[in-house]
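So the structure is just underneath, and the comments pick up after that.
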Amino acid sequence: MSERRRMAFRLALVGLFVLASRASAGEPCRDVGAASDVVSCMTAPEDWEHLSCDTRCQKDYCVALRNDSPRPDMAAEWCLMVTDQQGTVTGSLQLADAEDAKVTRASEAGDIDVREWDEARRTSVLRSKRRKDGSLVEVARTPKRRPQTAPTPSPKPRKQPEASCSVEPPYRGPTLTPPTCTGRKPAARFLQEAAKLCATQPGAGEQLVSAVGSCSASACIALMPVDGVWECVVGQSDGGAPHVLKLAEVAKSSGLTGVGLTGTTACATFVEGGGSGGDISSSACVLIGSPDRLVMQAPPSRVAFLDEEGYHTVPMKAEPTVDGDIAGDAAWAPVQPLPARTDSNVIHGLGAWEGPRDASVTWRLAQGATALYLAAQVSDDRVTPARPGLRSVFADHLELRPYYAVVLEPEGHASLRQWRDFRGTRVDWPVHGARCRWRARQGGQDIECRLPFGAVGALAAPPSRHDLLLVFSDGDGEPRQKSLVGTRVDLWLWKEFPPSVEDYISTTWGD
Amino acid sequence: MGIPKTRWRGGCLALVITLAAGTRAAAETPCEVPGKPSTLFCQSNPSYHSSVCQEVCTQEFCIRTDEQRFQTGMPGLCVLALDARMRAVTGSWSLGPGSLGRTGLDVSASGMVDLTVLAGGAVGHVRLTRTPEGKLEVSEPLTFRPPIESSPRPPPEGSCTVPGHRQTLFACTGRAPSSEVFDKARATCTSPSHPASMQTPPQGACSAQGCLTVVPVKRGARDAGEWCLAWVDAKGSAHRLPKPRVYGTAFQWDVRGETLCAHVDTGCKNREACLEETCYAAAPPHRLLLPHQRSPLESDGVYFVGPAASPVRVDGTLDDAAWGLAREVVAETRAHLRYGVRAWNGPADSSVRLKLLHDADGMLLAARVRDDRVVPLARGVPDVGTDHLELDFGSARYALLLGTDQKVSLRQWRDRRGRDVDWPLESRCAWAPEDGGYAVECRIPNGVIFYIPAVPGPSWFSVWVSDADQPGTQETLMGSLLHEAFVSEVPPTLEEARSIEQQKQARLP
């Protein structure tokens with residue numbers, strides 16, 4: 001076979017492989033013409049499902065993600081489906097290997113994007129298109145990537161670090177080629193102590209090589225091999241003790257390729273062999289100290305702030321008074337708002353939704369010493385509290401999915417109820433110890449709650465992370481939910497800011 | 001009810017032998033290499049839920065239990081001795097692959113290590129000694145709690161063995177049903193999609209109260225080898241038996257009075273040890289007849305929590321009629337100790353009899369504790385060092401503390417990720433001193449303990465009684481391991497039992 005033919009054959013094989021992979025990735029997961037279970041999610045929203053019932057609608061269609069079993073004896077899998085306005089399935093795509101998924105775009109023209117997370121929390125984006133006939137086709141899928149060092153936005157490109165060490169990519173096999181380090185050379189004593197510390201690490205064998213390292217003006221780093229790979233990093237800031245930096249645990253990665261040091265900030269990069277998907281790179285930065293801390297950009301507020309990885313809170317100095325007055329309470333002033341005001345926040349009833357004045361909400365979450373505080377400033381052209389003859393699910397209320405709801409009662413009282421038990425069974429239990437109040441104001445109502453740790457059993461003590469779907473359910477006095485306006489929140493409760501590396505690792509363990 | 005005495009004894013013995021054999025083998029091949037730092041991480045990561053993970057340290061050394069993956073890929077229990085300063089492993093001992101279970105660990109400064117092991121439904125004890133070199137040696141071999149004497153059961157009045165590799169049809173012994181009974185059973189089993197087969201004859205076996213009949217049915221026009229089980233009582237009423245979960249794995253059905261019992265092979269290696277019998281009321285609504293109810297002492301297992309039939313007044317006296325209908329769980333043997341083997345002086349020192357019920361407002365708990373010295377909450381004494389009960393949900397943990405004026409306070413001591421907290425919770429509880437101990441009566445409102453489910457629903461928690469004869473020192477912790485099933489009636493209907501099984505399989509929100 002000539003070289004050209006051989007090349008053509010290889011290309012054909014690659015093409016076939018690509019075609020085959022596409023076919024398996026984009027298989028339909030619901031029958032076209034079937035009545036969609038999206039309908040049950042939409043038309044009976046009092047039967048609200050868990051977070052996987054994520055539905056949004058455009059003028060011509062609705063798109064929904066469901067994570068359930070096609071049959072009771074089959075494992076749950078994610079299915080992206082589009083329906084017409086009557087709830088009939090017109091197209092669907094199965095999301096292979098997805099552990100979690102979220103619709104990030106559903107345009108009027110039918111461009112639908114879904115972000116997927118696999119078991120290792122690697123993300124990719126599935127781009128799909130709803131055709132005019134209602135069918136759904138996969139357009140593209142981005143390669144899987146590890147998330148950047150959470151919860152920080154990736155560190156801004158810095159100038160050349162003051163000191164750095166680069167390592168041969170380890171995925172090509174164990175290597176004892178020493179890293180190449182630039183910058184000021186550390187003292188011999190520091191390198192000896194680093195070698196001793198690394199020798200106590202799991203997998204450390206007999207050390208046949210010396211530690212290498214580098215220093216900035218205020219700190220030093222040293223690298224040692226463990227199990228044949230240079231991945232033990234020791235740091236020491238001026239006046240501190242040398243200790244192992246948990247950079248790999250923060251990045252949830254292995255395959256160290258380099259560490260840079262600027263001041264006391266050490267940033268490591270990792271490259272893991274990603275198989276057919278290519279290499280997966282990630283990074284992590286820590287501030288060397290006692291304790292080491294995660295490097296996070298200075299937030300606009302030191303009480304609660306939003307970044308691309310979630311909504312972060314630290315204990316407030318002055319806690320709000322729960323009386324339904326949000327704007328007049330200084331405690332809420334430094335808390336960053338989380339608005340849900342656009343049609344992309346309407347998870348049910350887009351046809352009935354008349355815009356942000358009809359139903360929208362600005363959320364705030366804040367952490368007290370023993371409780372989480374919640375404030376919802378609702379825009380609502382018709383305030384409808386629960387009353388005799390109108391079930392609370394059809395009155396205006398908040399839903400803190402997957403478990404809780406705040407029901408508006410007469411005279412400014414509001415109560416936190418548990419609407420799902422821990423297994424998702426429908427219940428209606430009062431939550432003892434929680435306090436909620438609401439106030440009507442021009443163009444809507446303000447709702448405020450104190451949710452004590454312990455009494456609200458789904459909350460874990462800080463540091464902890466919570467995946468919530470916050471929803472305002474707009475009632476219009478009829479026995480129906482007119483619209484649901486929601487926003488998903490990746491809520492982090494920190495004990496202090498910036499969080500220590502230990503707190504961060506314990507909070508994200510299992511993610 | 002449950003496994004006949006001889007079979008249970010045989011099963012227990014087989015389990016002991018199996019684990020003892022594993023123990024000997026594992027003792028020669030420790031689970032960690034001495035000199036290396038421990039790679040186990042149970043204490044460093046509080047969100048790790050494994051309940052086998054425990055660590056007790058003295059000034060010189062630490063003893064740790066954890067799950068270890070063996071070369072076969074199977075996990076098993078591993079006990080490590082660590083140097084307290086360097087955390088290096090100095091010795092280890094293992095129960096071998098497949099020996100997972102919850103453990104109780106008790107360590108003395110002199111190096112005596114008492115380990116309670118709960119494996120395969122059996123509770124055992126082993127005593128290890130840490131040698132001066134730091135190795136672990138067995139000083140008292142693993143022994144399991146003795147089998148419980150249960151009242152002998154009468155033999156079945158009839159039996160049908162399920163078609164298998166030795167037979168192609170059901171083979172029934174005992175009094176055969178009459179042709180009239182078979183006709184009724186056929187009519188009951190026939191449906192448009194599954195008509196009764198006219199080629200293969202039905203089988204059956206009768207008791208004095210009725211007949212179990214097995215009717216071959218077709219799938220459409222095809223004889224697909226499927227069967228329908230029906231009960232025809234002495235008055236001639238016929239009922240199709242809904243397929244319980246064990247239907248697919250039963251190898252024999254017995255009929256005894258108005259009870260049908262399925263014999264199931266649960267599929268583990270030692271068949272004798274893995275045979276279970278699950279019984280149902282033959283007549284609708286085909287209630288499940290409390291599997292695993294071997295004796296009150298044998299309290300680890302499935303526990304059905306039923307509703308209170310009449311109001312319960314929470315005052316610590318436990319004299320309400322409703323408690324008379326609740327099953328009792330007893331923890332009063334050495335095998336029920338989770339901690340404090342050497343401090344325990346017998347059931348009069350510390351033991352507990354426990355009952356659970358539910359009503360519309362929440363879960364009701366009654367505990368009668370034997371305790372020769374009651375130590376309630378006192379100023380200056382740490383709460384954990386006073387007499388109390390603990391509700392252990394694996395990661396989350398709660399405590400019922402004996403306060404002044406016979407009030408009991410409910411506290412959450414670990415959050416849902418297993419972190420230490422001390423949060424007060426709403427409850428209506430009372431305690432009262434009794435001759436030789438005290439009683440606790442409690443109503444825990446719905447939702448207060450996050451992992452108590454709605455009815456019907458499964459949960460999984462243990463109730464421990466913690467004894468402190470000296471204020472400030474937690475001396476013993478003992479109780480039972482239960483898989484609670486909250487049902488609307490005891491015994492539950494097959495529908496509820498099935499719903500609970502499905503909920504166990506379902507993904508949590």
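All values reported here derive from a predicted model rather than from experimental measurement. Each chain gets a letter, A, B and so on, in the order the sequences are listed, and its residues count up from 1.
For A/Pro430, the part lying under 4.5 angstrom from a heavy atom of chain B is the backbone only. For B/Ile452, the part sitting under 4.5 Å from any heavy atom of chain A is the backbone (N, CA, C, O) and nothing else. Using a 4.5 Å cut-off between heavy atoms, A/Val427 contacts chain B through its side chain alone, with no backbone atom that close. Proximity to chain A (any heavy atom under 4.5 Å) is restricted, for B/Val421, to the side chain, taken from C-beta onward. Of the atoms belonging to B/Gln503, heavy atoms from both backbone and side chain fall under 4.5 Å from chain A.
The neighbour count for A/Lys196 NZ, taken as heavy atoms of other residues, nucleotides or ligands under 6.0 Å away, does not exceed 12. Counted within 6.0 Å of CD on B/Glu495, heavy atoms from surrounding residues, nucleotides or ligands total more than 12; the atom is thus considered enclosed.
Taking the six-membered ring where the residue is Trp, A/Tyr403 and B/Phe450 present perpendicular rings, their angle passing 60° and hence far from 30°.
Among the candidates A/Ala461, A/Gly424, A/Pro452, the residue making the largest number of heavy-atom pairs closer than 4.5 Å to chain B is A/Ala461.
Nearest approach of A/Asp421 to B/Ala454, heavy atoms of both residues: OD2-N, 2.9 Å. Of all heavy-atom pairs spanning B/Arg416 and A/Ala460, the tightest one is CG-CB, 4.0 Å.
Note that the CH2 atom of B/Trp423 and the CG atom of A/Leu459 stand 7.5 Å from one another [nearest 0.5 Å]. Rounding to the nearest 0.5 Å gives a distance of 10.5 Å between CG of A/Asp428 and CG of B/Asn446. The OG atom of B/Ser459 lies 7.0 Å from the CZ atom of A/Arg423; values are rounded to the nearest 0.5 Å.
Under the side-chain hydrogen bond (donor to acceptor under 3.5 Å, both in side chains) criterion, A/Ser473 pairs with A/Gln481, not counting sequence neighbours. Listed by chain and residue number, nothing satisfies the salt bridge (charged side-chain N to carboxylate O under 4.0 Å, His left out) test with B/Arg428 (two or more places apart in sequence, or in another chain).
B/Arg417 contributes a side-chain N or O that, together with a main-chain N or O of A/Thr507, makes up a donor-acceptor pair within less than 3.5 Å.
Side-chain contact annotation: A/Ser464 with B/Arg419, donor-acceptor N/O pair under 3.5 Å absent.
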